[in-house]
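Here's the structure, in structure tokens; my notes come after.
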Amino acid sequence: EAQVTQNPRYLITVTGKKLTVTCSQNMNHEYMSWYRQDPGLGLRQIYYSMNVEVTDKGDVPEGYKVSRKEKRNFPLILESPSPNQTSLYFCASRPSTGAGGPDNEQFFGPGTRLTVL
Amino acid sequence: SQQGEEDPQALSIQEGENATMNCSYKTSINNLQWYRQNSGRGLVHLILIRSNEREKHSGRLRVTLDTSKKSSSLLITASRAADTASYFCATARSGSARQLTFGSGTQLTVLP
């Protein structure tokens, strides 16, 4: 089944304790992206990656890191989490080529609910 | 910054009625997409309309785009209780089509 998976789905942690949220897709998509969703603010893009070893900042990259060593994986790293990073996080992917790059729909993972105490 | 803003923020209708949601945006776009999110779940793509298109249909969905007013509308006809969800518009900006910018969403409740 074509899908985007995220782990963990739920995480409660404390300020300053490094964590990684994994994201994996099995659709051979070039483009992957991370978003955070907060009440009243919709989804805001954190980082995106056009392909392996190519990453760029989105609208709210502060406090986050990403890497893209393999096409299928795009982990989100919080080196020193703070309470303002408490949020619902989504990973998404889409093809960059074929029907038209940005005209392709994005496929979303199920979300990771993170609480930083 | 928020590119798309949906209106209304919340909408409650009876089953069988039509639901209309609007989206306004600020800059030139490559395309506009609508997504649906069931409570606590990931987003699911509904429909995409390109900047050179004015109207598009998919099943019970009808999307319009007015680039002169920088606005779009999503119409769901003959709504069902299962349509209850949040609906988001997302824009791929011209010249920066690598990013998709989402609005804050419309919460639709369809009462049985």
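The chains referred to below are lettered A, B, ... by the order of the sequence lines, with proteins before strands, and numbering in each begins at 1.
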Open item on the list: Does either side chain, that of B:Q37 or that of A:Q37, offer a donor lying less than 3.5 Å from an acceptor on the other one?
Closed with: yes
Answer yes if [X] and [Y] sit in the same cluster of Ile, Leu, Val, Met, Phe, Trp and Tyr residues linked by side chain heavy atoms under 4.5 Å apart, and no otherwise.
X: A:Y35; Y: A:Y64; answer: no
X: A:L19; Y: A:Y89; answer: yes
X: A:W34; Y: A:L88; answer: no

Task: Side chain, backbone, both or neither of A:F107 within contact of chain B (heavy atoms, under 4.5 Å) - done: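 Nothing of A:F107, per the 4.5 Å heavy-atom cut-off to chain B.
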Task: B:S104 to A:G40 - nearest heavy-atom pair and separation - done: CB-O, 3.6 Å
Open item on the list: Show the nearest heavy-atom pair for residues A:L43 and B:F102, with the distance to one decimal.
Closed with: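 Scanning both residues, the minimum pair turns out to be O-CB, 3.6 Å.
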Heavy-atom count check: over 12 atoms from other residues, nucleotides or ligands less than 6.0 Å from [X] [atom1]?
X: A:I77; atom1: CD1; answer: yes
X: B:Q9; atom1: CD; answer: no
X: A:R9; atom1: CZ; answer: yes

Task: Rounded distance [0.5 Å steps], CZ in B:R41 versus CZ in A:F108 - done: 14.5 Å
Task: From CG (B:L43) to CD (A:E105), nearest 0.5 Å - done: 11.5 Å
Open item on the list: B:L100 vs A:Y48, test: side chain to side chain contact (heavy atoms under 4.5 Å, CB included). Steps then yes/no.
Closed with: CA-CA 10 Å; B:L100 203 59; A:Y48 64 96; over 6 Å; no
